[in-house]
2 protein chains.
Amino acid sequence: MASSKRQLLIDTALDLFRREGYHATGIDRVIAEAGVARMTLYNHFKSKDELILAALRHRDSGFRDGLVRRVEHLADTPGERLRAVYDALDIWFNSDDFHGCMFINAAAEYHDPENPIHIAAREHKERVRNYIRDLAAQAGAPDPEALGDSLNLLAEGSIVMAHAANDKNAAKTAKAAAEPLLRAAGL
Amino acid sequence: MASSKRQLLIDTALDLFRREGYHATGIDRVIAEAGVARMTLYNHFKSKDELILAALRHRDSGFRDGLVRRVEHLADTPGERLRAVYDALDIWFNSDDFHGCMFINAAAEYHDPENPIHIAAREHKERVRNYIRDLAAQAGAPDPEALGDSLNLLAEGSIVMAHAANDKNAAKTAKAAAEPLLRAAGL
DNA sequence: TTGACAATATAGACCGATCTATCTAAAAAC
DNA sequence: GTTTTTAGATAGATCGGTCTATATTGTCAA
């Protein structure tokens with residue numbers, strides 16, 4: 001139970017932060033939703049920011065694991081998998097409660113680049129970009145960094161348009177935009 | 001003075017919201033920074049949300065006017081101007097205090113698509129996208145909507161990477177990524 | 001130019017609600 | 001029997017918003 005309460009708090013907080021934002025979600029709300037005593041939270045996390053960081057760390061691995069798993073399920077070759085990234089995004093955007101990227105939102109609420117929360121967001125974005133770069137390398141692109149970065153920009157742009165502009169078609173738009181780039185790279 | 005106080009409040013709030021975020025900026029901070037009485041604010045705006053909306057409206061026109069002006073100054077033909085959009089972004093990203101896009105940040109803090117603040121963000125994103133679509137049409141692209149949307153995704157993606165991932169080179173990456181798309185469209 | 005009236009701005013008290021965080025003492029779990 | 005969890009009181013700060021009574025404006029007529 002020692003760590004089950006901790007995980008329960010992370011899961012609960014993650015869901016609230018995702019659906020309502022960070023400042024908008026109070027500690028009271030988290031403990032009420034988790035059905036846990038206030039001191040249990042402060043026993044596991046020394047502050048709200050620490051809880052946010054723990055939630056983001058959990059989301060980072062969870063999101064990327066899910067992305068990789070889904071992409072590998074959708075396609076077999078690296079070239080196809082680069083395209084499948086957008087199919088995975090499409091599923092995400094059109095899921096029941098899509099509320100944008102938690103890390104973009106975190107960076108939006110915590111502007112200071114030195115803030116640990118902002119740093120967590122930056123690291124997540126770098127890891128996702130690296131994953132796409134890796135796929136581009138595996139696919140044998142002549143300049144995998146450049147191709148990966150380009151495809152990553154389309155992916156990030158589609159997240160923004162899906163959330164801020166409420167364009168649930170953004171992933172399909174991105175996939176179409178990616179095609180000439182992949183072709184130009186011989187893929 | 002009637003409207004000068006109002007404009008002073010909008011300018012002050014805009015700057016604070018931009019630098020620190022919406023929830024993180026209290027009314028007290030706005031009136032202190034503006035050097036204005038509390039009731040002066042509530043005389044001009046019936047709530048904080050109304051002030052946010054007024055600030056976003058002002059920023060929407062200001063940002064887009066600045067973008068158009070800068071793009072037109074940097075390039076003469078529509079094809080060149082599509083490329084110049086990324087040069088304008090590059091200047092923005094590397095300016096003294098870049099804190100990301102106020103509208104992406106607004107959507108991040110106000111998730112509900114029905115929320116007027118979120119709607120203001122959506123409308124801004126649509127207007128910027130339409131501007132790029134228009135440039136693509138003026139440039140004689142075979143499918144100006146598709147090209148415009150693709151180039152817009154690269155632009156939005158670069159804003160995210162510049163802010164969340166602290167990649168000040170994102171606009172140059174986006175410009176390089178745009179080139180094959182423009183070429184494929186005969187531009 | 002002056003006087004008068006209406007609109008606006010002022011400082012600051014005040015409200016209830018909420019915020020993060022701490023503390024304690026009893027209960028439960030391992 | 002030691003660690004963890006519990007409920008709830010409590011702290012001090014801050015939140016958005018209202019109210020009042022005074023002072024400062026801007027406008028227009030005499």
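For clarity, every value in this text was computed on a predicted model and none was experimentally measured. Scope of the values below: all heavy atoms of this structure, side chains included, with no hydrogens, waters or symmetry mates. Labels below follow one simple rule: chain letters A, B, ... track the order of the sequence lines, proteins then strands, and each chain is numbered from 1.
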So, for A/A178 and A/L151, which heavy atoms are closest and what is the spacing to 0.1 Å?
CB-CD2, 3.6 Å

Is B/T40 near enough to C/dT8 that one of its side-chain N or O atoms lies under 4.0 angstrom from OP1 or OP2?
no

Please tabulate, one pair per line, all N/O donor-acceptor pairs under 3.5 Å involving side-chain atoms of residues 30-43 of chain B, not counting sequence neighbours.
residue: B/R38; atom: NH1; partner: B/D28; partner atom: OD1; Å: 2.9
residue: B/R38; atom: NH2; partner: B/D28; partner atom: OD1; Å: 2.8

Name every residue in residues 20-29 of chain A that has at least one heavy atom under 4.0 Å from any atom of DNA chain C, in order of residue number, or write none if there are no such residues.
A/T25, A/G26, A/I27, A/D28

Does A/K175 have any salt bridge (charged side-chain N to carboxylate O under 4.0 Å, His left out) partners at least two apart in sequence or in another chain, and if so, which?
A/D87

Testing D/dG17, C/dA9, C/dA21 for proximity to the side chain of B/N43, the answer is C/dA9

Using atom CD1 of A/I31 as one end and atom P of D/dA7 as the other, report the distance to the nearest whole Å.
9 Å

Among C/dT20, D/dG16, C/dT8, which nucleotide sits nearest the side chain of B/R38?
D/dG16

May I ask you to evaluate whether A/H44 reaches the phosphate of D/dT5, defined as a side-chain N or O under 4.0 Å from OP1 or OP2?
yes

In whole angstroms, how far is the P atom of C/dC23 from the CG atom of A/L41?
16 Å

Would you call the rings of B/H111 and A/H99 parallel, tilted or perpendicular, where under 30° means parallel and over 60° means perpendicular?
parallel

Starting at CE of A/M39 and ending at P of C/dT20, how long is that distance when rounded to a whole Å?
15 Å

For B/H23, give me all partners under ring-ring contact (aromatic ring centres under 6.0 Å, His included), at least two apart in sequence or on another chain.
B/Y110

With respect to the phosphate group of C/dT10, does any side-chain polar atom (N or O) of B/K5 fall under 4.0 Å of OP1 or OP2?
yes

Testing C/dT20, C/dA11, C/dC23 for proximity to the side chain of A/Y42, the answer is C/dT20

Would you please classify the geometry between the B/F98 ring and the B/W92 ring as parallel, tilted or perpendicular, with 30° and 60° separating the classes?
perpendicular

Taking side-chain hydrogen bond (donor to acceptor under 3.5 Å, both in side chains) as the definition, give me every residue that meets it alongside A/D11, ordered by chain and number, with sequence neighbours left out.
A/Q7

A/R6 CZ to D/dT5 P, straight-line distance once rounded to whole Å
11 Å

Please report, rounded to the nearest Å, how far the P atom of D/dT5 is from the CG atom of A/L9.
9 Å

Double-helix bend of the helix from C/dT1-D/dA30 to C/dC30-D/dG1, axes at both ends from 5 pairs, round to 10°, gives 30°

